[in-house]
Amino acid sequence: MEPVITSLLDTDLYKFTMWQTMLHRHPQTQAEYRFVCRNQPAFPLAQLLDEVNAELDALCALSFTEDELRYLGGLRYIKSDFVDFLRIFRFQRAFIEAFAEGDQLRIVAKGPQVHVMAFEIFVLAIVNELYFRRFDRAAAEAEGRRRLEAKIAVIGAFVQQPALRHPFELFDFGVRRRFSRPWQREVVQAFSTCLPQVFKGTSNVRLARDLGLVPIGTMAHEYLQTYQALGVRLRDSQKAALEDWVQEYRGDLGIALTDVVGMDAFLADFDLYFAKLFDGLRHDSGDPLVWAEKALAHYARLRIDPHTKRLVFSDGLTVDKAIAIYRALGDRTQLGFGIGTHLSNDVGLQTLNIVMKLTSANGQPVAKLSDSPGKTLCDDATFLAYLRQVFNVPAEAT
């Protein structure tokens with residue numbers, strides 16, 4: 001069969017935006033990423049090992065085409081020297097290893113961060129597609145189309161209702177947990193064709209290019225986590241990461257991720273300077289409405305008009321959840337909804353809850369203190385306790 005990944009553009013935009021920043025600011029950083037499956041699959045993922053290794057071989061044989069480089073270079077925030085770097089870039093097979101531990105599939109990427117950070121989305125897409133190839137594709141896609149039509153109908157009816165002050169806008173965030181590459185394309189094409197007034201883009205750079213959509217994305221957890229190990233005081237790590245971002249993009253890509261050490265600790269660092277420079281905030285854990293109230297109260301304290309800012313939601317969203325959040329907040333601030341699995345893998349089969357997370361940088365542990373139970377990630381209990389202490393995050397919050 002054709003490899004799962006056939007283009008290095010077939011990934012999330014924020015991998016490129018973080019990649020460029022790290023290449024310019026901290027190119028010497030060493031990093032380790034580890035694959036984790038958080039739920040129980042229908043069969044042991046270790047059974048996929050040989051296929052995963054073959055897919056990784058194929059991935060490491062790919063390079064960017066001149067057409068792909070022209071597209072990236074046409075994005076105003078992508079700099080010419082980064083495009084030159086990508087022109088000669090190849091994934092190095094020596095930097096990634098897949099192996100089995102009993103029934104568990106293990107995948108570890110380790111090496112210079114600018115050479116291993118982009119593995120993440122490709123690995124997740126590979127594992128997902130190999131896993132779902134073992135199910136009845138025709139039946140899954142038939143069910144998926146039925147559900148897709150229902151979603152489009154629900155949204156179509158919703159947008160006929162009287163509008164709130166700010167529009168309802170959503171985008172596809174579904175690369176990492178998609179049923180398959182062709183299925184994601186079909187879903188994104190359907191939304192862009194049927195709901196152009198609502199559907200504003202996709203995180204998938206290849207689909208954005210091919211379908212004439214806006215590529216969507218700024219930063220992920222790994223970006224802020226890396227700064228926990230870059231030599232600045234741990235307490236200053238978030239501010240250092242945000243400052244580097246501001247200097248790199250100077251007004252572009254202005255949505256900041258808030259939940260690397262929890263919303264309260266983030267807002268303590270997100271002072272008037274950053275609140276004015278960033279266009280808005282992204283929610284990825286915890287109760288979305290509680291989070292939104294904290295964000296709006298913070299802007300109010302800083303005397304910033306919330307109607308000039310945007311809150312983006314991306315935590316396990318469904319169409320119904322997005323509409324409910326919009327109804328609660330659409331008169332108060334600009335909103336955006338990034339929907340992932342519910343768009344790209346809603347085909348009647350249990351989905352995999354898989355991640356490939358940064359576990360260390362420069363030989364030091366890094367961590368995410370999530371606002372959602374079960375999402376906190378760290379292999380080092382001592383560092384996790386220290387991080388909680390430094391940012392005043394109680395253990396029971398996770």
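Not measured: the values here are computed from a predicted model.
- With no hydrogens or angles considered, no side-chain donor-acceptor pair links D244 and H24 at under 3.5 Å.
- Residues passing the side-chain hydrogen bond (donor to acceptor under 3.5 Å, both in side chains) test with R137, sequence neighbours excluded: E141.
- With sequence neighbours excluded, the residues forming a ring pair (Phe, Tyr, Trp, His ring centres under 6.0 Å) with Y227 are H26, Y223, listed by chain and number.
- The salt bridge (Lys or Arg N to Asp or Glu O under 4.0 Å) analysis of residues 328-345, with sequence neighbours excluded, yields the pairs E293-R332.
- Between the side chains of R177 and T351, no donor-acceptor pair is found at a separation under 3.5 Å.
- The distance from the CG atom of L343 to the CZ atom of R147 is 13.0 Å, given to the nearest 0.5 Å.
- With sequence neighbours left out, H307 forms a ring pair (Phe, Tyr, Trp, His ring centres under 6.0 Å) with H166.
- Partners of F135 according to the ring pair (Phe, Tyr, Trp, His ring centres under 6.0 Å) rule, which considers only residues two or more places apart in sequence or in another chain, are Y131, F132.
- Under the 4.5 Å side-chain criterion, counting only non-hydrogen atoms from C-beta, L195 is in contact with I152.
- Considering only residues two or more places apart in sequence or on other chains, R185 meets the salt bridge (charged side-chain N to carboxylate O under 4.0 Å, His left out) condition with D210.
- Between F85 and F89, the ring planes lie tilted relative to each other; the angle falls in the 30° to 60° range.
- For the side-chain hydrogen bond (donor to acceptor under 3.5 Å, both in side chains) test, residues two or more places apart in sequence or in another chain that qualify with R206 are T6.
- In this structure, CD in E149 is found 9.0 Å from SG in C194, a value given to the nearest 0.5 Å.
- Figure legend: R134 and F43 shown as a cation-pi pair, the cationic atom lying under 6.0 angstrom from the six-membered ring centre and within 45 degrees of its axis.
- Residue F119 is tested with F91, W19, F95 for a ring pair (Phe, Tyr, Trp, His ring centres under 6.0 Å); the sole match is F91.
- Considering only residues two or more places apart in sequence or on other chains, R233 meets the salt bridge (charged side-chain N to carboxylate O under 4.0 Å, His left out) condition with D236.
- Residues satisfying the side-chain hydrogen bond (donor to acceptor under 3.5 Å, both in side chains) criterion with Q197, sequence neighbours excluded, are absent altogether.
- In terms of the ring pair (Phe, Tyr, Trp, His ring centres under 6.0 Å) criterion, residue partners of F168 (sequence neighbours excluded) are, by chain and number, F158, Y326, F337.
- Taking E243 as the reference, Q247, Y273, F274 meet the side chain to side chain contact (heavy atoms under 4.5 Å, CB included) condition, with sequence neighbours excluded.
- In this structure, a donor-acceptor pair under 3.5 Å is absent between the side chains of Q113 and Q30.
- With sequence neighbours excluded, no residue forms a side-chain hydrogen bond (donor to acceptor under 3.5 Å, both in side chains) with T218.
- Of the options T226, D284, L358, a side chain to side chain contact (heavy atoms under 4.5 Å, CB included) to H221 is made by D284 and by none of the others.
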